[in-house]
Amino acid sequence: MQLPSQRVISFTPDMQICRLLNGMWQVSGGHGRIDPEAAVAEMIAYHDAGFTTWDLADHYGPAEDFIGAFRRQLRERRGEDALAGVQAFTKWVPRSGPMTREVVENNIGISLRRMDVDTLDLLQFHWWEYDDNRYLDALTHMADLQTEGKIRYLALTNFDTEHLRRILDHGIQVVSNQVQYSLIDRRPEVTMAPLCQERGIHLLTYGTFGGGLLSEAYLGQDEPRGGALPTVSLRKYKQMVDAWGGWALFQRLLATLKEIADKHQVSIANVAVRAILDRPAVAGVIVGTRLGLAEHRADNARVFTFSLDDEDRTRLDAVSEASRDLYRAIGDCGDEYRR
Ligand SMILES: NC(=O)c1ccc[n+]([C@@H]2O[C@H](COP(=O)([O-])OP(=O)(O)OC[C@H]3O[C@@H](n4cnc5c(N)ncnc54)[C@H](OP(=O)(O)O)[C@@H]3O)[C@@H](O)[C@H]2O)c1
């Protein structure tokens, strides 16, 4: 299986990425037992199929080490040049505290060593407390490290619109913000996507599959109770479904998705992902990958083979209109992490 050319987007003037990124939170526990050797072998299979872009974080268990091992295997098998085709986007999620040059440089140094790179392709920064302005100190030091070649591009994750604007107005050049965005959680459409469009910032999205809820597996099923859902991710997004409108409305969404999917001869997940990939400012959708345990490469490749039409979009909007307003209920992007 090879992905079509529409899979790539110019993320920056000198970096193309696959619009479906391989998400590595799933290797950090709570998603089944991941075998490191099998996981790294599987990373080669993703890469060979054209899924060349990875999303990870300093706190996703062994994810950064897996990138290091994967890069060494790729170099051994295909030579040094093959590494230029890999994009590995990590995150730095520090606890609040002094953000001196030393603190920032030491933490970036750990990621560089673990991932076995001289330069981080993209460093996505998370901050827990907006009242604590030291996020601006951290970003200023990161910008210096970027100038010195340790970081290729700066980015954010889970920042709201107001603080993204503040950072941009402070003169810090970030290229993207990573946020939850799906047919369940459309909060980015309220203020985030318009600002991103205005300022040329990309969105990278997660939760777009609802942890797997947005698939045939849950169509027509009774509501799963308690611990019945097998992964942390499924449980996380089941809570979003509850806040959004509950299981009956979710079944209406799945049934609508299934009809649209049948019309285009694709899967429910394909339609759910295509709908978000087509939204303004969205550069890519991150797909949680349980490396060595489950994979959906062939199905997900079909996202690049069809288009939604106006009728499809109207039908999906009609379901959204029957849901609760999550922007009012939860707040802007990332506010769920700061309550
Ligand atoms: N910045 C943040 O705060 C943040 C938060 C969460 C996630 N993330 C990032 O986003 C990534 C995405 O993870 P997520 O937790 O949001 O999960 P997700 O991507 O919404 O769901 C992933 C799950 O969807 C299922 N799936 C994938 N393709 C499918 C297909 N074609 N058909 C049916 N099911 C399919 C798989 O389930 P099975 O494996 O069970 O088959 C997979 O584990 C993470 O790995 C991480 O990189 C970032």
Side-chain angles (χ1 to χ4, degrees), residues 1 20-34 39 42-43 46 51 53-64 66-67 87-93 122-128 155-160 176-185 188 203-219 224 229-241 254 257-258 261 266-274 276-277 284-305 333-338:
M1 185 216 40
L20 289 183
L21 294 87
N22 312 310
M24 297 185 76
W25 177 43
Q26 277 68 10
V27 306
S28 70
H31 289 89
R33 211 189 79 75
I34 304 289
E42 190 68 2
M43 291 173 79
Y46 274 88
F51 294 98
T53 311
W54 300 86
D55 179 74
L56 57 150
D58 58 341
H59 66 293
Y60 288 178
E64 290 189 335
F66 282 6
I67 289 288
Q87 307 85 40
F89 295 174
T90 196
K91 306 185 190 83
W92 184 35
V93 184
L122 188 79
L123 182 60
Q124 304 167 98
F125 178 61
H126 177 98
W127 191 249
W128 295 103
L156 304 172
T157 179
N158 294 316
F159 271 79
D160 68 7
S176 58
N177 189 19
Q178 182 179 135
V179 295
Q180 186 176 160
Y181 196 177
S182 70
L183 289 173
I184 303 293
D185 184 359
L203 289 176
L204 297 175
T205 76
Y206 63 83
T208 313
F209 295 78
L213 288 175
L214 286 158
S215 70
E216 279 75 5
Y218 292 91
L219 176 65
L229 292 167
T231 67
V232 183
S233 179
L234 282 164
R235 295 196 285 275
K236 171 184 168 90
Y237 298 114
K238 171 62 170 55
Q239 286 180 1
M240 290 305 292
V241 167
L254 285 183
L257 284 166
K258 175 69 175 151
V266 295
S267 68
I268 287 179
N270 291 158
V271 177
V273 169
R274 187 72 256 170
I276 300 304
L277 274 179
V285 165
I286 307 167
V287 189
T289 47
R290 298 198 298 140
L291 291 169
L293 292 181
E295 63 91 8
H296 302 272
R297 287 191 291 272
D299 187 53
N300 287 335
R302 292 194 292 172
V303 162
F304 302 112
T305 64
C333 299
D335 281 1
E336 62 273 32
Y337 292 102
R338 300 187 178 85

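Note that the numbering runs from 1 along the sequence shown for the chain. Counting starts at 1 for both ligands and their atoms, in listed order.
Here the heavy atom of the protein found nearest to atom 38 (P) of ligand 1 is Arg290 NE, 3.6 Å. The shortest contact between atom 15 (O) of ligand 1 and any protein heavy atom is with Ser233 OG, 2.7 Å. Ranking the protein heavy atoms by distance from atom 47 (O) of ligand 1 puts Asp55 OD2, 2.6 Å first. Closest to atom 48 (C) of ligand 1, if we only count protein heavy atoms, is Gln178 OE1, 3.0 Å. The nearest heavy-atom contact from the protein to atom 13 (O) of ligand 1 is Gln26 NE2, 3.3 Å. At the shortest separation from atom 3 (O) of ligand 1 among protein heavy atoms lies Asn158 ND2, 2.8 Å. Summary of contacts: the protein heavy atom closest to atom 36 (C) of ligand 1 is His296 NE2, 3.7 Å.
Under a 3.5 Å cut-off, the side chain of Asn177 and the backbone N or O of Phe159 do form a donor-acceptor pair. Side-chain atoms of Arg274 come within 3.5 Å of backbone N or O of Val303 as a donor-acceptor pair. Without hydrogens or angle criteria, Glu336 side chain to Gly334 main chain gives a donor-acceptor distance under 3.5 Å. When atom types are taken as modelled, the side chain of Gln124 and the backbone of Trp92 share no donor-acceptor pair closer than 3.5 angstrom. No donor-acceptor pair closer than 3.5 Å links the side chain of Arg290 to the backbone N or O of Gly32. Within the 3.5 Å criterion, the main-chain N or O of His126 finds no donor-acceptor partner in the side chain of Thr157.
A side-chain donor-acceptor contact under 3.5 Å links Thr53 and Gln87. Under the 3.5 Å distance criterion, with hydrogens and angles disregarded, a donor-acceptor pair is assigned to the side chains of Asp299 and Ser267. Side-chain contact check for Gln178 and Asp55: at least one donor-acceptor pair (N or O, by modelled atom type) lies under 3.5 Å. For the residue pair Asp185 and Ser182, no side-chain donor N or O sits within less than 3.5 Å of a side-chain acceptor on the partner.
Side-chain contact between Leu56 and Lys91 is absent, with no heavy atoms from C-beta onward closer than 4.5 Å. At a threshold of 4.5 Å between non-hydrogen side-chain atoms, the residues Tyr337 and Trp127 do not count as touching.
Remark: among candidates Trp25, Tyr337, Tyr237, the nearest residue to atom 16 (O) of ligand 1 is Tyr237, based on non-hydrogen atoms. Among Phe209, Tyr181, Tyr206, the residue whose heavy atom sits closest to atom 6 (C) of ligand 1 is Tyr206. The residue among Ala63, Gly212, Ser28 with a heavy atom at the shortest distance from atom 24 (O) of ligand 1 is Gly212. In this structure, of Ala294, Gly23, Gly288, Ala298, the residue bringing a heavy atom nearest to atom 12 (C) of ligand 1 is Gly288. Here the shortest heavy-atom distance to atom 33 (C) of ligand 1, taken over Gly32, Ala57, Ala301, Ser215, belongs to Ser215.
Ligand 1 has at least one atom lying under 4.0 Å from a heavy atom of Gly211. By the 4.0 Å heavy-atom criterion, Gln180 is excluded from the residues contacting ligand 1.
Atoms of ligand 1 found under 4.0 Å from any heavy atom of Tyr60 (numbered from 1 in listed order, with element): 4 (C), 8 (N), 9 (C), 46 (C), 47 (O), 48 (C). Residue contact check: Lys91 has heavy atoms under 4.0 Å from atoms 1 (N) of ligand 1. In the vicinity of Ala269, heavy-atom distances shorter than 4.0 Å reach the ligand 1 atoms 30 (C), 31 (N), 32 (N). Proximity to Asp299 (heavy-atom distance under 4.0 Å) selects the following atoms of ligand 1: 30 (C), 31 (N), 32 (N).
Polar contact with ligand 1: present for Gly207 (N/O pair, distance under 3.5 Å). Below 3.5 Å of separation, one finds an N or O of Thr157 facing an N or O of ligand 1. Close N/O approach between Val287 and ligand 1 is not found [any backbone or side-chain N/O within under 3.5 Å].
For the pair Arg297 and Phe51, the cation-pi test (distance below 6.0 Å, angle within 45°) is failed.
Under 4.0 Å from ligand 1, the heavy atoms of Thr208 that appear belong solely to its backbone. Contact annotation for Ile286 and ligand 1: heavy atoms of both the backbone and the side chain come within less than 4.0 Å of the ligand.
With respect to Arg338 and Asp160, no salt bridge is recorded, no charged nitrogen being found less than 4.0 Å from a carboxylate O.
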